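Below is one structure, written out as structure tokens; the observations come after it.
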Protein chains: 2
Amino acid sequence: MAEPLGFRPLYRQVKAIFVRRLVDGVWAPGEGLPSEGQLAAEIGVSQGTVRKALDELAAENLVVRRQGRGTFVAEHDERRILFQFFKLVPDNGERRFPDSTVLSAETGLADAAEQAALDLTAKDRVIRVRRLRSFETVPLIVETLSLPQRLFPGLEAGPIPNNLYSLYAARYGITIAHARERLKAVALNADDAGLLGVAAGSPALQIDRLALALDGMPVERRLSLCLTEEAHYLSDLR
Amino acid sequence: MAEPLGFRPLYRQVKAIFVRRLVDGVWAPGEGLPSEGQLAAEIGVSQGTVRKALDELAAENLVVRRQGRGTFVAEHDERRILFQFFKLVPDNGERRFPDSTVLSAETGLADAAEQAALDLTAKDRVIRVRRLRSFETVPLIVETLSLPQRLFPGLEAGPIPNNLYSLYAARYGITIAHARERLKAVALNADDAGLLGVAAGSPALQIDRLALALDGMPVERRLSLCLTEEAHYLSDLR
DNA sequence: GAGTGGTCTAGACCACCCA
DNA sequence: GGGTGGTCTAGACCACTCC
């Protein structure tokens with residue numbers, strides 16, 4: 001007669017405690033967590049329960065476990081971004097990371113698409129960064145990022161590094177946990193085509209990405225136009 | 001002084017036994033496995049070890065666990081394919097499954113691309129199926145499948161259902177475990193554009209899929225051209 | 001050798017499904 | 001009510017890392 005869906009396993013409650021600590025920055029990226037035994041004693045559950053909670057966090061790439069060393073908060077280093085968040089790879093040759101040239105960085109009122117994606121109102125402001133990304137001087141991607149200004153005050157003023165997710169974490173305490181991408185094939189307009197050095201109307205892969213923080217809050221929208229003559233978007237279906 | 005990398009946990013050996021049974025068809029799709037306790041007794045390990053092996057198989061979508069009922073061999077029913085293998089979803093409205101019209105089905109010598117993808121030689125033959133797929137009579141995808149003839153004898157002769165993966169399993173005992181897709185934006189040639197009812201040169205999303213069997217053997221190559229005016233390819237990055 | 005995560009076991013109990 | 005998977009515990013031992 002009790003609630004049929006009111007059951008929540010102990011290890012998930014423990015996991016929620018840990019996620020909270022990650023969101024609050026109690027455990028910062030790169031830092032080592034206490035050992036399983038210490039955590040178990042502190043919370044008052046068995047080591048096996050702590051282990052199951054940490055295993056799930058590791059499966060979600062929020063922590064990294066290293067046998068013999070310990071459990072560490074995941075960082076957005078180049079390698080991780082390259083494999084988890086950057087799916088465009090050259091047809092021939094190794095997975096690489098493109099350079100970025102910032103074309104503009106400014107603020108403005110959120111448009112309809114930005115409001116919908118980022119849970120904003122017409123009164124909210126966004127920071128927009130437009131940049132060109134290249135593989136060894138060959139332009140490949142032109143993209144526009146939209147960020148809620150409230151979350152990233154002053155970002156548009158400072159230098160904008162290639163690896164933004166690392167900046168979000170270090171300077172604003174926001175960790176990107178995962179992202180949802182929507183892909184379409186489109187014809188380039190004259191502006192974008194010019195930037196990429198191809199004819200207007202050329203086909204390009206449009207990637208509309210929404211990146212979410214640890215707690216599921218939408219944090220960044222990114223609209224990328226990619227040339228796919230010599231590269232492809234890799235998707236593994238398991 | 002022993003081999004430093006020669007360690008293989010017991011539960012992985014148990015898992016290998018189970019995968020073998022899936023590959024050999026000892027456990028067929030839809031069938032229920034013996035209970036954890038029975039498997040543990042049969043193999044001579046603890047129930048916890050069997051559980052960990054089954055958990056990994058469940059994470060790979062090879063089996064489905066249902067509390068209170070049992071563990072079952074995964075099937076390629078419509079729902080599973082729709083969520084695991086079919087990433088093209090309408091911009092508005094529900095995830096749907098397109099109808100298929102077979103344009104041609106014939107055999108021939110494997111070309112260079114097919115040889116490379118499917119591990120074949122120039123002497124090997126492939127079955128090629130070309131079909132048009134539509135959402136409610138609106139053509140959306142034109143695709144060409146290539147299959148090693150050796151693995152699917154007679155497939156080109158019989159009726160070709162919409163859900164091919166289910167046919168592979170039922171008639172040929174081959175289970176598709178996962179797939180790798182490479183996406184590009186291309187301009188449609190006159191033939192494909194005509195089939196899709198758009199102008200030649202229109203942009204389309206090209207999906208080059210390689211599907212692998214349980215044991216990792218490449219089994220099907222599929223080259224799809226998709227219109228993305230009112231649909232998109234959905235990719236979740238976690 | 002000390003400390004960490006990883007494996008394996010055994011047993012108890014819980015939530016769920018079905019007859 | 002009996003069977004299934006799911007959770008939780010406690011303890012032993014193993015593999016790996018670092019000092």
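Chain naming here is simple, since letters A, B, ... match the order of the sequence lines and numbering starts at 1 in each. Since this is a predicted model, take the numbers as computed values, not measurements.
A search for salt bridge (Lys or Arg N to Asp or Glu O under 4.0 Å) contacts involving A/Lys52 returns nothing, not counting sequence neighbours. Partners of A/Gln84 by side-chain contact (heavy atoms from CB on, under 4.5 Å), not counting sequence neighbours, listed by chain and number: A/Asn61, A/Arg80. With sequence neighbours excluded, the residues forming a side-chain contact (heavy atoms from CB on, under 4.5 Å) with B/Arg51 are B/Glu36, B/Asp55, B/Arg65, listed by chain and number.
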remark   = Counting primed atoms, P, OP1 and OP2 as sugar-phosphate and everything else as base, the B/S/- map of nucleotides 2-8 of chain D against protein heavy atoms under 4.0 Å is -BBBBBS
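The salt bridge (Lys or Arg N to Asp or Glu O under 4.0 Å) pairs that include a residue from residues 158-173 of chain A number zero, where partners must be two or more places apart or lie in different chains. Listed by first and then second residue, the ring pair (Phe, Tyr, Trp, His ring centres under 6.0 Å) pairs involving residues 26-48 of chain A are A/Phe18-A/Trp27 (not counting sequence neighbours).
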